[in-house]
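See structure below.
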Amino acid sequence: MTRHDPLDPAVEQRLRSSFALQGLMNHLGAEIAEIAAGQVILRLPFRPEVTQHHGYFHAGATSAVADTAGGFAAYTLFADESSVLTVEFKLNLLNPGQGDYLEAVGRVVKPGRTLTVCQLDVWGVSADRRVHVATGVQTLIRAKPHGQGAAAAS
């Protein structure tokens, strides 16, 4: 699926408001770089708190921004009264995460009424380099908003 249409400003505001509630993204220092229908790009600036013992971005931080980018990409296509939860994801780490920041791209491959599949790609970006750090696939479920039944509780 290729979608890169601009979003209705109300949908974009809904996503930005939801992202602001993401405690982990706030803790890591991640930010939204771009939002379009079916695609979201996040940036995670380099800082010592998100590294592992060799000084590379930690795989946990890499995975977290990849998962979140995909979740929000799916959320761009969901109705206002919906919520999104990750069902599963697989991420292959291709190169050590290094650079000024990580760029996580979540892109909807197959939207669905219940399940949506996204492609995840993470890049290490610096002034003179862009290296593919990770790639993966993710399945998400469209759920009721938080607090409305069993689907929201899982």
Side-chain angles (χ1 to χ4, degrees), residues 1-78 82-112 115-143 146 154:
M1 157 170 264
T2 303
R3 292 183 187 246
H4 303 294
D5 303 326
L7 285 180
D8 177 299
V11 174
E12 183 169 342
Q13 184 54 49
R14 173 174 51 100
L15 264 73
R16 290 187 183 281
S17 295
S18 180
F19 188 82
L21 297 174
Q22 294 278 317
L24 182 60
M25 293 298 101
N26 184 51
H27 180 70
L28 294 175
E31 55 199 28
I32 296 174
E34 206 174 297
I35 301 174
Q39 180 171 294
V40 168
I41 300 173
L42 302 181
R43 286 199 182 127
L44 177 63
F46 180 85
R47 54 195 187 92
E49 293 83 0
V50 296
T51 63
Q52 44 84 293
H53 60 285
H54 294 296
Y56 300 124
F57 280 95
H58 193 284
T62 303
S63 298
V65 293
D67 174 46
T68 303
F72 277 90
Y75 198 40
T76 65
L77 304 181
F78 291 2
S82 299
S83 184
V84 62
L85 293 170
T86 300
V87 173
E88 63 84 29
F89 74 100
K90 169 151 180 22
L91 197 67
N92 290 92
L93 300 168
L94 307 173
N95 287 293
Q98 54 189 325
D100 297 329
Y101 60 90
L102 291 182
E103 183 176 272
V105 181
R107 183 180 53 83
V108 173
V109 175
K110 171 70 173 78
L115 297 177
T116 294
V117 176
C118 288
Q119 173 69 39
L120 309 173
D121 287 290
V122 181
W123 303 85
V125 181
S126 57
D128 59 343
R129 287 179 36 158
R130 181 175 166 88
V131 176
H132 203 182
V133 171
T135 192
V137 66
Q138 171 188 50
T139 305
L140 303 124
I141 190 166
R142 183 185 318 235
H146 183 69
S154 59

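Worth knowing before you read on, the calculation uses all heavy atoms, side chains too, and leaves out hydrogens, waters and symmetry mates.
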**Asked** Do you see a donor-acceptor pair shorter than 3.5 Å between the side chains of S18 and Q22?
**Response** no
**Asked** Going from CD on Q138 to CG on L91, what distance comes out if it is rounded to the nearest 0.5 angstrom?
**Response** 9.5 Å
**Prompt:** Any donor and acceptor pair, going by atom type alone, linking the side chain of S83 with main-chain N or O of A143 inside 3.5 Å?
**Reply:** no
**Asked** Which pair of heavy atoms, one from D8 and one from A10, lies closest together, and at what distance?
**Response** OD1-N, 2.6 Å
**Message:** If you compare all heavy atoms of A134 against all heavy atoms of L93, which two are closest, and at what distance to 0.1 Å?
**Reply:** CB-CD2, 3.9 Å
**Asked** What is the minimum heavy-atom distance between A30 and V65, and which atoms define it?
**Response** CB-CG1, 4.1 Å
**Message:** Do T135 and N92 pair up side chain to side chain, a donor and an acceptor below 3.5 Å, judged on atom types alone?
**Reply:** no
**Request:** State, to 0.1 Å, how close V11 and L7 come at their nearest heavy-atom pair, and which atoms those are.
**Result:** CG1-CD1, 4.0 Å
**Request:** Taking atom types as modelled, find out whether Q98 and S126 have a side-chain donor-acceptor pair closer than 3.5 angstrom.
**Result:** no
**Request:** Nearest 0.5 Å please: distance from the CH2 atom of W123 over to the CD1 atom of I41.
**Result:** 11.0 Å
**Request:** Step through the shown structure and confirm whether more than 12 heavy atoms of other residues, nucleotides or ligands are within 6.0 Å of NE2 on H132.
**Result:** yes
**Message:** Are more than 12 heavy atoms, taken from residues, nucleotides or ligands other than R47, located less than 6.0 Å from that residue's CZ atom?
**Reply:** yes
**Message:** So does F78 get a backbone contact from the side chain of S82, meaning a donor-acceptor N/O pair under 3.5 Å?
**Reply:** no
**Request:** Would you mind telling me which of T139, V108, L77 makes a side chain to side chain contact (heavy atoms under 4.5 Å, CB included) with T116?
**Result:** V108
**Request:** Could you tell me whether the side chain of H58 and the main chain of G60 form a donor-acceptor pair under 3.5 Å?
**Result:** yes
**Message:** Is there a side-chain contact between Q39 and E34 in this structure, where contact means two heavy atoms from C-beta onward sitting under 4.5 Å apart?
**Reply:** yes
**Prompt:** Would you call T76 and I35 a side-chain contact if the rule is heavy atoms closer than 4.5 Å?
**Reply:** yes
**Side-chain touch F57/V50, heavy atoms, less than 4.5 angstrom** = yes
**Prompt:** Looking only at heavy atoms, what is the nearest atom pair of L44 and A61, with distance?
**Reply:** CD2-CB, 3.9 Å
**Message:** Main chain of G136, side chain of Q119: is a donor-acceptor contact present, judged purely on distance under 3.5 Å?
**Reply:** yes
**Message:** Counting C-beta onward and ignoring hydrogens, is there a side-chain heavy-atom pair between L120 and F89 closer than 4.5 Å?
**Reply:** yes
**Asked** Are the side chains of Y101 and V125 in touch, meaning some heavy atoms are under 4.5 Å apart?
**Response** yes
**Heavy-atom side-chain proximity of L140 to L115 below 4.5 angstrom** = no
**Test log, rule side-chain contact (heavy atoms from CB on, under 4.5 Å), inputs F72 and L15** = CA-CA 7 Å; F72 277 90; L15 264 73; 4.0 Å; yes
**Request:** State whether the side chain of N95 and the backbone N or O of V133 hold a donor-acceptor pair below 3.5 Å, judged by distance alone.
**Result:** no
**Asked** If only atom types and distance count, is the side chain of Q52 paired as donor or acceptor with the main-chain N or O of G55 below 3.5 Å?
**Response** yes
**Message:** Check E103 with R43, please: is the shortest side-chain N to carboxylate O separation under 4.0 Å?
**Reply:** yes
**Asked** For the atom pair OG1 (T51) and CZ (F46), what is the distance rounded to the nearest 0.5 Å?
**Response** 5.5 Å
**Row check, Y75 ring normal vs R14 NZ/CZ: under 6.0 Å, within 45°** = yes
**Asked** Does any donor atom in the side chain of D67 or T86 lie under 3.5 Å from an acceptor atom in the other side chain?
**Response** yes
**Non-hydrogen atoms of A74 and V84 that approach each other most closely** = CB-CG2, 4.5 Å
